[in-house]
Amino acid sequence: MKIKVFVVGIACLLVLSLAGCYEYRGPYTKGDVKAYLTGRYPDETIHIRYKGLQTWECWFDALPDAVFQVWVGQGGGDPVPMLYSKLVSDEAEVLPAYYLKQYRKEGGSLDAWELYDDTLYTKYTSITDAAQAFKQLSTFYAWVEDKPLGQLVPKGRYHFQPELPWQTYSPQFHSFQDVVVHGLQDDLEAVREALKDSIKKYYAFYQLPCDEFSKTEMEEYAAKTWPWAPKPQVRQGEEILPPELLGGIGLESGVISYGGLYTLLTRLDFDVEGTAEHFTVTGADGHSYEFSYSFWEEKEMDWANNQTITLPVWYHLRDGYPVAIEDETSWMYRGPVIGLKGGWNIDTHNGYFHFYMPFFEITGLRASWDK
């Protein structure tokens with residue numbers, strides 16, 4: 001099967017070369033393969049065995065059972081889109097798989113992790129969840145540390161994914177996603193602190209109670225993370241509010257959470273009823289508002305290539321009517337947050353539309369990053 005695929009590949013390359021957009025730089029020799037691998041691993045003794053059709057089987061002297069392959073691949077020019085041949089190899093996949101298999105054979109466990117391509121993944125919503133994965137990976141790295149080519153074992157990626165949205169790398173993944181990377185040479189205490197910070201940032205931003213950290217710890221973290229100084233400047237009329245009044249309220253990508261708005265309104269002596277998770281208030285504009293993290297619904301939105309995706313969209317009530325931004329995939333628009341700047345048209349349910357700027361109308365404040 002591999003021979004058939006290779007022959008088809010060579011035929012395609014020949015067609016491309018005739019079209020003038022592909023340059024085949026072979027035929028490659030065993031000497032070329034040796035130079036290629038020695039350049040990547042200058043301190044290792046490498047064995048090379050011709051397999052056929054510009055393909056070679058190779059192994060490191062210290063790891064004779066971890067046989068990998070070198071073959072002719074394809075590279076691309078930049079900025080000219082010219083394709084050309086080059087040697088490629090798969091030791092970065094073969095050696096990690098070899099060590100993972102040996103580790104499990106000796107009784108080691110990584111069942112808290114899943115391997116995708118060349119990276120280990122795990123999800124967590126708390127330090128308790130992350131503890132087992134952290135212990136397993138740390139033990140595995142200690143086992144592999146002094147072994148030949150141990151630096152090729154995969155890194156671990158901890159994905160913190162609780163309920164409310166935060167940052168997304170694709171709209172299909174619409175929950176909070178903060179990543180902590182744990183590699184072989186990383187300081188264990190630094191990884192542990194990064195895992196804690198991910199949790200603290202989420203709970204502090206949304207002003208949610210967190211069983212794993214004290215109220216004092218959370219307040220200290222928030223004050224250090226969001227000082228609101230020197231920018232943005234927040235004005236009440238012509239007066240610039242002191243950063244101390246706003247410090248510790250989570251500010252990310254120009255937005256604060258519903259809980260952050262609750263804290264701000266409380267500090268401004270508004271008559272707020274409820275908790276950071278669900279509250280009502282009469283805004284500076286005289287309208288009544290109600291916010292809750294439970295106010296959301298799923299909506300279909302346009303996406304690339306004439307596709308639609310379904311995402312949760314949070315809303316709040318203004319004079320009893322739901323207000324939400326439509327057709328926005330990014331969490332800082334459709335999430336349970338309020339932007340410090342900007343606005344959009346809303347139906348006032350009396351035959352009129354109104355350009356609505358929630359932060360200004362509710363708090364009476366204006367924010368600026370310029371002056």
Side-chain angles (χ1 to χ4, degrees), residues 163-166 171 174-175 205-209 226 228 232-239 241 245-246 248-302 310-369:
E163 184 177 359
L164 296 175
W166 182 251
H174 51 258
S175 59
F205 177 78
Y206 281 116
Q207 300 278 306
L208 295 170
W226 299 293
W228 288 65
Q233 291 184 345
V234 180
R235 284 180 167 83
Q236 191 169 42
E238 296 301 317
E239 177 189 0
L241 297 181
L245 182 64
L246 303 139
I249 295 174
L251 176 62
E252 294 289 328
S253 299
V255 302
I256 61 175
S257 68
Y258 289 178
L261 178 63
Y262 169 87
T263 299
L264 176 58
L265 292 169
T266 302
R267 292 181 185 179
L268 293 171
D269 295 325
F270 279 75
D271 185 16
V272 189
E273 295 184 7
T275 67
E277 299 171 66
H278 189 165
F279 65 92
T280 59
V281 66
T282 299
D285 59 358
H287 292 273
S288 64
Y289 294 91
E290 184 174 0
F291 291 84
S292 173
Y293 287 136
S294 65
F295 288 173
W296 65 275
E297 58 185 348
E298 289 190 340
K299 291 189 176 182
E300 285 191 350
M301 299 184 184
D302 294 332
T310 301
L311 295 174
V313 178
W314 274 260
Y315 60 88
H316 61 273
L317 302 182
R318 183 179 188 265
D319 296 331
Y321 294 101
V323 177
I325 291 183
E326 304 289 340
D327 301 322
E328 291 283 0
T329 58
S330 187
W331 74 272
M332 74 278 295
Y333 296 112
R334 62 177 177 78
V337 296
I338 293 292
L340 269 60
K341 298 184 70 175
W344 67 99
N345 282 318
I346 63 170
D347 187 348
T348 56
H349 302 280
N350 58 3
Y352 296 96
F353 283 85
H354 167 64
F355 187 74
Y356 178 50
M357 301 179 67
F359 182 75
F360 168 66
E361 296 183 34
I362 297 170
T363 67
L365 307 177
R366 291 188 182 275
S368 172
W369 278 261

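Just so you know, these numbers use all the heavy atoms, side chains as well, and skip hydrogens, waters and symmetry mates. Starting from 1, each residue takes its place in the sequence as its number.
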Item to check | Phe359 side, atom CZ; Ile256 side, atom CD1 - distance, nearest 0.5 Å | outcome: 5.5 Å
Next on the checklist: I need the Trp344 CH2 to Tyr333 OH distance, nearest 0.5 Å.
Outcome noted: 11.0 Å
Checklist entry - Taking C-beta and beyond as the side chain, do Leu261 and Val281 meet within less than 4.5 Å on heavy atoms? => result no
Checklist entry - When rounded to the nearest 0.5 angstrom, what is the spacing between NZ in Lys299 and CG in Asp327? => result 8.5 Å
Next on the checklist: For a quick test of reading the model, state the closest non-hydrogen atom pair linking Arg267 to Leu245 and the distance between them.
Outcome noted: NH1-O, 2.7 Å
Checklist entry - If every non-hydrogen atom of Thr329 is compared with every non-hydrogen atom of Asp302, which pair is closest and at what distance? => result CG2-O, 4.5 Å
Checklist entry - Do Phe291 and Tyr262 make the cut of ring centroids closer than 6.0 angstrom? => result no
Checklist outcome for this item: Heavy-atom closest pair (Gln207 atom, Gly260 atom, distance to 0.1 Å) is CG-N, 3.6 Å
Checklist entry - Side chains of Trp228 and Leu241: closer than 4.5 Å at any heavy-atom pair? => result no
Item to check | Any Pro358 side-chain heavy atom under 4.5 Å of Tyr289 side chain | outcome: no
Item to check | Contacts of Glu252 that satisfy salt bridge (Lys or Arg N to Asp or Glu O under 4.0 Å) - sequence neighbours left out | outcome: Lys201
Next on the checklist: Which label fits Trp296 and Trp314: parallel for a plane angle under 30°, tilted from 30 to 60°, or perpendicular past 60°?
Outcome noted: tilted
Checklist entry - What closest approach, in Å, do Ala324 and Val313 show between heavy atoms, and which atom pair accounts for it? => result CB-CG1, 4.0 Å
Checklist outcome for this item: Hits for side-chain contact (heavy atoms from CB on, under 4.5 Å) against Asn345, two or more places apart or cross-chain, chain-then-number order -> Phe355
Item to check | Ile362 vs Phe270 side-chain heavy atoms within contact, under 4.5 Å | outcome: no
Next on the checklist: Keeping Arg334 on the side-chain end and Ile325 on the backbone end, is there a donor-acceptor pair under 3.5 Å?
Outcome noted: no
Checklist entry - Ser292 versus Pro336: any side-chain heavy-atom pair under 4.5 Å? => result no
Checklist outcome for this item: Note: Tyr315 and Leu317 closest approach over all heavy atoms is CE1-CD2, 4.0 Å
Checklist entry - Would you say the side-chain atoms of Asp319 pair up with the backbone N or O of Ser288, donor to acceptor, closer than 3.5 Å? => result yes
Item to check | Gap between atom OG1 of Thr363 and atom CD1 of Ile338 - 0.5 Å precision | outcome: 10.0 Å
Item to check | Any Leu251 side-chain heavy atom under 4.5 Å of Leu246 side chain | outcome: no
Item to check | Nearest heavy-atom neighbours spanning Trp226 and Gly250 | outcome: CD2-CA, 3.3 Å
Checklist entry - How about Asp271 and Thr282: do any of their side-chain heavy atoms sit closer than 4.5 Å? => result no
Next on the checklist: Rounded at 0.5 Å granularity, tell me how far CZ in Phe295 sits from NE2 in His278.
Outcome noted: 4.0 Å
Item to check | Residue among His316, His287, His354, His349 satisfying ring pair (Phe, Tyr, Trp, His ring centres under 6.0 Å) with Tyr321 | outcome: His349
Item to check | Those residues that, when tested against Thr280, pass side-chain contact (heavy atoms from CB on, under 4.5 Å) (two or more places apart) | outcome: Glu273, Glu290
Checklist entry - Looking at CD1 of Ile346 and CD of Glu326, how far apart are the two atoms once the value is rounded to the nearest 0.5 Å? => result 12.0 Å
Next on the checklist: Closer than 3.5 angstrom, by distance alone: can the side chain of Tyr206 be matched with the main-chain N or O of Tyr293 as a donor-acceptor pair?
Outcome noted: no
